[in-house]
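For reference, the structure is listed below as structure tokens.
These numbers come from a predicted model, not from an experiment. Within every chain, numbering begins at 1; the chains are lettered A, B, ... in the order of the sequence lines, protein sequences first and strands thereafter.
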Amino acid sequence: MKYIIAAIKPFKLEEVREALTAIGVRGMMVTEIKGFGAQSGHTEIYRGAEYAVNFVPKLRLEIGVSDAMVDQVVETLQKTARTDKIGDGKIFVLDLEAATRVRTGETGDDAL
Amino acid sequence: MKYIIAAIKPFKLEEVREALTAIGVRGMMVTEIKGFGAQSGHTEIYRGAEYAVNFVPKLRLEIGVSDAMVDQVVETLQKTARTDKIGDGKIFVLDLEAATRVRTGETGDDAL
Amino acid sequence: MKYIIAAIKPFKLEEVREALTAIGVRGMMVTEIKGFGAQSGHTEIYRGAEYAVNFVPKLRLEIGVSDAMVDQVVETLQKTARTDKIGDGKIFVLDLEAATRVRTGETGDDAL
Amino acid sequence: MQLKKILPLAALAVALPALGMAQEAEAVADAAPDVLEAVAALNTEMVFIMNSLLFLIGGFLVFFMAAGFCMLETGLVRSKNATMQATKNVALFSLAGIAYFIVGFNLMYPGDWVIEGWLGGISPTVLEPVGVELADVDDVEYASVGSDFIFQLMFCAAVASIVSGAVAERIKLWPFLAFVIILTGIIYPIQASWSWGEGFLDEMGFSDFAGSSIVHAAGGWAALAGVLVLGARYGKYGKDGKINVMPGSNLPLATLGMFILWLGWFGFNGGSQLAMGTISDVADVSRIFANTNTAASGGAVAALILSTILYKKPDLTMVLNGALAGLVSITAEPLTPSLGAATLIGAVGGVIVVFTVPLLDKFKIDDVVGAIPVHLFAGLWGTMAVPLTNSDASFGTQFVGMAIIGAFMFVASLVVWLILKAVMGIRISDEDQVTGLDKTEMGMEAYPEFGNS
Amino acid sequence: MQLKKILPLAALAVALPALGMAQEAEAVADAAPDVLEAVAALNTEMVFIMNSLLFLIGGFLVFFMAAGFCMLETGLVRSKNATMQATKNVALFSLAGIAYFIVGFNLMYPGDWVIEGWLGGISPTVLEPVGVELADVDDVEYASVGSDFIFQLMFCAAVASIVSGAVAERIKLWPFLAFVIILTGIIYPIQASWSWGEGFLDEMGFSDFAGSSIVHAAGGWAALAGVLVLGARYGKYGKDGKINVMPGSNLPLATLGMFILWLGWFGFNGGSQLAMGTISDVADVSRIFANTNTAASGGAVAALILSTILYKKPDLTMVLNGALAGLVSITAEPLTPSLGAATLIGAVGGVIVVFTVPLLDKFKIDDVVGAIPVHLFAGLWGTMAVPLTNSDASFGTQFVGMAIIGAFMFVASLVVWLILKAVMGIRISDEDQVTGLDKTEMGMEAYPEFGNS
Amino acid sequence: MQLKKILPLAALAVALPALGMAQEAEAVADAAPDVLEAVAALNTEMVFIMNSLLFLIGGFLVFFMAAGFCMLETGLVRSKNATMQATKNVALFSLAGIAYFIVGFNLMYPGDWVIEGWLGGISPTVLEPVGVELADVDDVEYASVGSDFIFQLMFCAAVASIVSGAVAERIKLWPFLAFVIILTGIIYPIQASWSWGEGFLDEMGFSDFAGSSIVHAAGGWAALAGVLVLGARYGKYGKDGKINVMPGSNLPLATLGMFILWLGWFGFNGGSQLAMGTISDVADVSRIFANTNTAASGGAVAALILSTILYKKPDLTMVLNGALAGLVSITAEPLTPSLGAATLIGAVGGVIVVFTVPLLDKFKIDDVVGAIPVHLFAGLWGTMAVPLTNSDASFGTQFVGMAIIGAFMFVASLVVWLILKAVMGIRISDEDQVTGLDKTEMGMEAYPEFGNS
Ligand SMILES: Nc1ncnc2c1ncn2[C@@H]1O[C@H](COP(=O)(O)OP(=O)(O)O)[C@@H](O)[C@H]1O
Ligand SMILES: Nc1ncnc2c1ncn2[C@@H]1O[C@H](COP(=O)(O)OP(=O)(O)O)[C@@H](O)[C@H]1O
Ligand SMILES: Nc1ncnc2c1ncn2[C@@H]1O[C@H](COP(=O)(O)OP(=O)(O)O)[C@@H](O)[C@H]1O
């Protein structure tokens with residue numbers, strides 16, 4: 001099993017979720033994060049003093065997937081999250097050793 | 001060492017924390033997340049237009065544990081977070097290569 | 001490639017970000033979390049009832065790095081985030097199997 | 001209207017100097033009766049206008065207390081119940097407004113009693129006709145019916161607002177609103193008629209200037225009955241006597257609510273002088289303003305100091321409650337105390353709050369916003385404090401009045417709550433309480449973008 | 001001033017009893033003309049003072065509606081546009097204040113018409129001199145110019161506030177403010193002069209007591225024109241008729257805004273009696289207070305019940321809009337209805353809102369806060385409801401007046417919006433809308449620490 | 001009271017026409033002295049009532065400014081200090097209320113001076129007795145003591161509110177409150193007695209209608225002294241002149257605060273006419289309302305335009321400060337300017353704010369909410385602007401008065417701050433500032449559920 005972590009642009013969430021659901025992903029976690037990267041933030045002015053906001057709001061998705069699905073999930077993520085503008089995000093794949101469903105105690109692919 | 005990531009129902013946090021403390025877990029990180037899964041969200045109505053909120057509020061726990069403790073932690077998590085209702089959450093175990101305590105520079109199990 | 005997850009004190013963010021940028025880190029994700037650890041929280045009083053807030057606000061950084069850079073990043077993190085007071089945080093290193101840049105589809109070190 | 005009557009006289013007056021002495025005397029003699037009448041009428045008119053104006057100003061000030069209650073309560077509930085709390089507050093005020101004109105007002109101020117001194121008349125409120133003249137006015141020495149109605153209505157609505165805070169975060173909307181209709185249409189007006197409608201408590205000499213008992217304790221009793229029937233919020237009290245703290249989600253909003261209530265109280269107490277058309281009345285209203293303000297100060301400062309002594313750290317919510325308790329305490333007699341006495345009366349209110357808020361928790365009586373300490377306990381204190389500065393009141397009579405009002409309000413409310421519980425069910429399920437009423441009952445979040453617990 | 005004139009008389013009066021009967025009669029004869037004059041003057045003075053006071057009280061109450069609109073709108077936009085919405089509201093009120101004194105007020109209340117009954121005078125407002133005496137007052141039977149000005153100004157600003165809510169979250173700041181200047185300086189004053197400045201609509205018998213059409217529908221028409229020219233917010237309407245809901249970020253704040261507006265409406269309608277110096281006037285103001293309040297109640301309750309029936313769950317934003325629609329509905333005639341009739345008139349307003357808010361969405365007319373249902377639709381209803389309780393009004397005339405006002409306001413606004421669109425561009429780019437106006441246009445976040453979407 | 005005196009006359013008047021001419025004349029002669037007295041008394045009464053009413057209305061409006069300051073400041077601090085800021089604002093207002101009646105009021109309006117023209121009397125405030133009659137009233141040509149007291153108290157509390165914003169986010173609660181007690185009980189009343197208590201500045205011809213210097217600059221000087229003794233917030237100024245921006249956490253709340261202050265200012269300036277019982281007085285109050293409003297508009301618009309020009313984007317906090325600076329600027333003379341002049345005077349205030357806010361940062365003077373630019377700098381400007389429209393004032397005298405007030409307020413405040421610093425310590429540790437005062441000092445979070453930085 002693999003554990004996929006991805007940063008995407010917030011307004012893409014619904015589209016990505018639908019695409020992933022379509023290919024069989026049945027769960028994920030979404031976190032509001034601040035992203036730092038090549039995409040520059042914006043400048044704010046407060047009472048005459050300018051300052052740079054270096055962080056850009058992003059959403060972070062985490063998805064535990066079976067080995068069989070990894071490639072498809074990464075591909076789907078990349079395609080739907082893409083806008084071709086800087087700051088579209090990243091997809092990271094980590095190895096996932098074990099997964100458990102709290103409600104039933106099921107483990108492995110059954111837990112996903 | 002292992003890195004445990006778990007999604008649980010928010011109101012279970014205190015119970016889980018106490019149970020984990022009891023078995024010797026000395027630290028963790030908690031993040032507010034939106035969970036997507038089999039548990040359906042709810043419908044909201046705003047000015048005459050209904051819309052589905054697909055995400056359910058969850059908490060995500062992250063715990064770095066020594067190899068010796070992994071099983072006990074997963075078990076404790078599963079037992080205390082369980083309500084037997086859909087949406088109880090997931091527990092993921094990843095391999096953790098290194099850990100460092102910022103304050104002292106200690107590494108490995110000592111850092112946890 | 002490695003995936004570094006670190007908990008730090010919130011007011012250290014700017015310093016850490018600058019130090020990491022200086023050694024060549026080009027991106028990261030920042031999440032507001034609640035930390036539980038040796039550093040005790042504080043006591044709040046609400047309408048005559050005291051209660052312990054066991055969690056301390058922390059920031060969680062996630063950085064995908066090339067193998068070459070891991071040690072330097074961990075070291076820099078540890079040095080700049082350090083205040084020598086309890087609660088300075090932890091640095092965890094996980095193995096990172098794959099990385100993709102959403103915008104371009106680049107993978108591996110090029111994606112970071 | 002009056003102007004037209006007098007203008008010819010003025011014209012005459014201007015013409016007079018041209019005439020000789022004799023004619024002048026004659027003209028004056030002709031005019032004199034009219035002059036006398038005009039002066040008297042002008043005075044009557046002035047008094048009527050000023051009294052009505054007092055009610056109108058008092059009315060809009062006390063109206064604004066509805067917003068104060070709403071902000072206080074919405075700030076003190078958890079964010080997952082904030083939309084519901086706001087909805088309840090808007091709805092209760094609106095329903096009170098309708099119930100009070102359909103039955104409440106004439107029940108409270110009966111022309112003809114159904115049972116003399118005990119049960120008023122049952123008929124909807126009819127205002128004076130458009131463009132009413134002096135001769136057709138209901139009570140020319142008092143004020144216009146409309147102004148009186150609007151002022152009294154706001155008091156009635158306040159009673160319901162008190163209840164909504166105590167039962168927050170676990171009561172169902174519709175049973176709550178059903179209770180509000182009965183409370184504001186029937187229970188409160190009947191009770192209030194006994195004192196302010198010149199019923200038997202008034203006869204007896206019970207003295208409650210602006211309603212420490214009649215309004216505040218009354219609302220507190222209704223709230224207490226509700227809280228007892230309803231039970232505590234899910235998870236509030238742990239097994240071994242542990243109190244699970246559920247902090248208010250927006251304390252700046254609660255603070256605003258307190259300030260708005262304080263503002264409204266100038267109308268609440270000041271308007272209860274019921275007259276502003278003479279020097280003594282306006283001076284009395286002024287005294288009341290000053291005493292009301294200083295009692296609130298006393299309550300806030302006492303709560304600030306005491307909460308710091310007891311808990312090491314000052315507690316803003318106690319300070320807010322303390323100021324309100326100071327206001328409730330002075331409400332039964334805001335006129336006779338000196339500034340110093342008023343400050344102390346208010347301070348005792350603040351002390352009461354700091355001690356009774358945790359006390360209620362000991363008895364597992366879950367009052368979300370402190371409505372019972374503030375309105376009931378400080379209201380009782382205020383009622384009993386009247387004889388301290390007003391020699392026309394006696395402790396015995398105050399106690400009897402307070403007890404009768406309390407017994408009636410509590411029992412009547414209890415009966416209604418129990419019926420509603422039996423008929424409709426009044427409590428939100430534990431699971432829905434955990435999720436939050438905004439999601440389960442309303443499908444609408446108060447702050448959809450902030451946090452997500 | 002008056003005091004000095006009368007005091008010698010009082011001294012005389014005190015001295016008189018000492019004199020014999022004959023001299024007394026003589027002295028009285030001497031004094032009599034002065035007495036007559038004094039009584040008349042005192043009455044005139046009282047009326048003038050009370051009328052002016054009504055305008056001053058009404059003025060500050062209606063002023064506060066600017067805060068109410070601001071809170072309502074800021075609470076109903078998404079947090080990423082909240083700073084911008086607050087900025088627009090402060091700026092529009094400030095600019096209205098200036099535009100109205102430079103041209104608006106004299107356009108609206110012309111001494112000399114440029115085109116009799118149609119186009120007023122063009123000159124800045126000049127107040128009465130400092131310390132003006134009875135003899136030099138502009139209109140001694142009315143009120144001071146300053147009090148009248150301040151009261152009327154607040155109505156003018158309200159028209160602009162109505163517009164700002166409808167076009168929120170995608171209009172550029174400066175073109176919006178340019179529109180506000182033209183609206184408050186020229187368009188509204190010209191239109192309002194037709195009825196309230198004794199122009200041709202007044203002549204015709206059109207009856208709109210406090211402005212259901214003249215103020216509220218007028219603002220609604222200007223808003224509708226703006227929304228049509230501007231288009232919907234980016235992403236609001238999906239391809240297949242799907243409506244993307246964009247929930248307001250802070251409903252407690254929106255609720256506060258509604259309460260503040262309700263409070264201000266006592267001044268809005270009550271002050272529009274334009275007089276409080278006689279028994280009949282103050283009684284009428286009292287009627288208006290009572291009717292205004294109950295109409296709001298009716299609107300809120302109707303919206304609460306209807307939204308629950310239609311959507312299974314009550315909708316707070318509909319209840320807020322419902323109360324406001326009740327207020328708008330009664331504004332054309334808050335005096336003549338009975339309390340029952342006023343409640344029903346308001347309730348119809350609430351019903352209108354619940355049905356027309358989703359209707360606008362069907363036509364892809366994106367009105368962020370419901371300004372068009374509340375102010376335009378309920379305003380039209382209120383205007384047509386006048387003859388139901390006021391026999392001096394006729395359906396025909398009401399309809400004609402309403403149509404003329406509507407046509408003028410809509411067309412004039414449309415032209416200005418189109419010119420602004422052509423000249424400066426009025427719409428924020430889609431990308432900047434996604435990011436949020438606070439970041440792109442202001443560089444300043446409303447709640448920088450909460451959430452971060 | 002008056003009514004009873006006149007009613008027999010009216011009865012007589014009604015009876016008279018039945019009698020013959022001769023008897024009539026005789027009856028009139030009998031009645032005449034009473035009539036004269038009655039008219040005079042009625043007039044006296046009317047003036048007294050209207051003046052007192054002005055103070056009562058002004059009093060509750062200015063009271064509400066306490067809420068305005070609280071919301072403005074709570075919105076402009078970071079959320080980790082918001083509970084503390086709200087607590088300070090409630091506590092300071094409450095303590096001011098007590099300190100002012102115990103010593104302040106009689107220090108400020110001395111019957112007997114301790115040092116003629118310089119130091120007033122020391123005794124607690126005593127209100128007129130309950131039900132006071134014309135003959136026993138303190139000053140029958142003025143207003144009731146209670147109404148005067150409540151009005152003046154609110155000004156005193158405003159001075160303390162000004163300070164609390166400037167020293168926010170790093171001052172300890174109790175030393176701050178100790179300062180407030182001394183400021184409102186002693187320092188401000190002594191200073192204000194020099195002008196408004198008919199002391200030496202009044203003698204000299206210094207003219208400050210509603211307190212640009214006496215209230216606003218005074219508060220600003222006290223704040224400046226505090227800020228200098230206290231130092232900047234931890235981390236505000238970086239090593240190489242870098243300014244670390246610490247954005248306010250809730251700008252909609254701050255905007256509400258500004259609107260409430262603007263509302264209150266109608267009472268602040270309007271009430272300072274001190275009389276409303278004659279045509280000229282009410283017309284003057286009306287002028288003041290109009291000028292006050294337009295000056296605020298001028299300040300807001302100027303700040304909007306200027307901040308956009310200087311920083312490319314409009315700055316809401318500058319617009320809020322600009323409106324307030326406009327209000328402060330017109331406060332020294334809200335009566336004599338024309339609407340145009342008032343707008344310009346206010347606009348200069350707005351310009352001052354936009355330039356001086358960053359200037360203070362250059363000098364590392366850390367004023368969290370802009371209290372010093374708004375109240376001190378615009379207050380000085382307002383004081384010096386008086387002679388521009390009021391020929392009774394001279395630049396020389398204005399300057400001298402302004403300087404004396406400034407020197408006294410600054411030095412006296414500085415001494416008190418230094419003593420408090422030495423005795424109790426006034427500054428929160430850097431570490432606790434980082435954590436936030438709400439956690440460390442209060443143990444209570446303002447928004448416990450939103451965000452968690
Ligand atoms: N090395 C990294 N580790 C973790 N997250 C990263 C890394 N680099 C970028 N990100 C995340 O991806 C987002 C987009 O990256 P950015 O460099 O701005 O644009 P792009 O991916 O289009 O080149 C960032 O905001 C950040 O959240
Ligand atoms: N594949 C997954 N990857 C990551 N998180 C998941 C995954 N599936 C579920 N989750 C998380 O677990 C939560 C509970 O899952 P859900 O399917 O709703 O219920 P259950 O675990 O009881 O079957 C979800 O809200 C989500 O946060
Ligand atoms: N075992 C752990 N797993 C994950 N995060 C941890 C763990 N232990 C500590 N942390 C994180 O590190 C932070 C600091 O740890 P703490 O024990 O308080 O202090 P220190 O690291 O100085 O000993 C915690 O607040 C928490 O966020």
Side-chain angles (χ1 to χ4, degrees), chain A residues 1-8 10-34 57-67 70 73 76-77 80 92-112, chain B residues 1-10 12-13 15-16 19 29-41 51-62 65 67 70-97:
Chain A
M1 293 174 296
K2 300 291 170 196
Y3 199 74
I4 298 178
I5 301 176
I8 64 167
F11 78 101
K12 278 288 184 181
L13 177 64
E14 226 15 56
E15 212 175 314
V16 168
R17 191 189 60 77
E18 280 168 17
L20 291 178
T21 312
I23 61 165
V25 169
R26 287 197 306 277
M28 71 175 97
M29 309 188 213
V30 181
T31 317
E32 294 183 343
I33 60 157
K34 295 174 186 162
K58 299 276 171 207
L59 291 180
R60 180 157 138 297
L61 311 184
E62 283 164 279
I63 318 165
V65 293
S66 63
D67 292 322
V70 183
V73 169
T76 308
L77 262 170
T80 43
F92 298 110
V93 182
L94 287 77
D95 190 55
L96 176 57
E97 299 201 338
T100 311
R101 186 187 303 272
V102 172
R103 173 163 50 93
T104 57
E106 285 162 290
T107 54
D109 280 4
D110 293 343
L112 301 177
Chain B
M1 293 175 293
K2 300 291 170 196
Y3 200 74
I4 299 177
I5 300 176
I8 64 167
K9 291 192 167 162
K12 279 286 184 183
L13 177 64
E15 213 174 313
V16 168
M29 307 189 213
V30 181
T31 317
E32 296 183 341
I33 61 158
K34 296 174 185 162
F36 175 70
Q39 179 193 8
S40 58
Y51 65 108
V53 174
N54 294 309
F55 293 93
V56 184
K58 299 276 174 208
L59 292 181
R60 178 156 138 299
L61 312 184
E62 282 164 278
V65 293
D67 293 322
V70 183
D71 293 346
Q72 207 187 348
V73 170
V74 171
E75 204 190 310
T76 307
L77 261 171
Q78 199 242 328
K79 273 193 191 139
T80 44
R82 185 169 184 165
T83 68
D84 287 331
K85 295 223 184 81
I86 211 161
D88 277 351
K90 300 269 144 61
I91 306 167
F92 298 111
V93 182
L94 285 79
D95 189 54
L96 176 57
E97 301 200 338

Practice problem: Begin from the C-alpha positions of B:Arg60 and A:Glu62 and carry the test side-chain contact (heavy atoms from CB on, under 4.5 Å) through to its verdict. | Solution: CA-CA 11 Å; B:Arg60 178 156 138 299; A:Glu62 283 164 279; 2.6 Å; yes

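- For the atom pair A:Leu59 CG and B:Lys34 NZ, the distance stands at 6.5 Å (nearest 0.5 Å).
- Only the side chain of A:Glu14 comes within contact range of chain B, judged by heavy atoms closer than 4.5 Å.
- For A:Leu96, the parts lying near chain B are the backbone and the side chain together; criterion is any non-hydrogen pair under 4.5 Å.
- Distance CZ/B:Phe55 to CE/A:Met29: 13.0 Å, rounded to 0.5 Å.
- Heavy atoms only, all atoms of each residue included: A:Asp95 and B:Leu94 are closest at O-CG, 3.5 Å.
- Interatomic distance, B:Thr83 OG1 to A:Arg103 CZ, rounded to the nearest 0.5 Å: 9.0 Å.
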Quiz item: Going through the checks in order, is the side-chain contact (heavy atoms from CB on, under 4.5 Å) test met by A:Leu20 and B:Phe36?
Solution: CA-CA 11 Å; A:Leu20 291 178; B:Phe36 175 70; over 6 Å; no

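- Between atom CD1 of residue A:Ile33 and atom OG1 of residue B:Thr31 there is a gap of 11.5 Å, rounded to the nearest 0.5 Å.
- In this structure, chain A has heavy atoms under 4.5 Å from both the backbone and the side chain of B:Ala81.
- In plain terms, the two heavy atoms of A:Thr104 and B:Arg82 that are nearest each other are CA-NH2, 4.4 Å.
- Between atom CG of residue A:Leu112 and atom NZ of residue B:Lys90 there is a gap of 7.0 Å, rounded to the nearest 0.5 Å.
- Contact annotation for A:Arg101: both backbone and side-chain heavy atoms come within less than 4.5 Å of a heavy atom of chain B.
- Neither the backbone nor the side chain of A:Leu61 comes within less than 4.5 Å of any heavy atom in chain B.
- In terms of heavy-atom proximity, B:Phe92 sits nearest to A:Gly64 at CE2-CA, 4.2 Å.
- With a 4.5 Å cut-off on non-hydrogen atoms, B:Ile8 does not touch chain A at all.
- For B:Val74, the part sitting under 4.5 Å from any heavy atom of chain A is the side chain, from C-beta outward, and nothing else.
- Counting heavy-atom pairs under 4.5 Å between each of A:Arg17, A:Met28, A:Glu106 and chain B puts A:Arg17 at the top.
- Of the two parts of B:Lys85, only the backbone, made up of N, CA, C and O, holds a non-hydrogen atom closer than 4.5 Å to a non-hydrogen atom of chain A.
- Listed here is the closest heavy atom pair of B:Gln78 and A:Thr100: CG-CG2, 4.1 Å.
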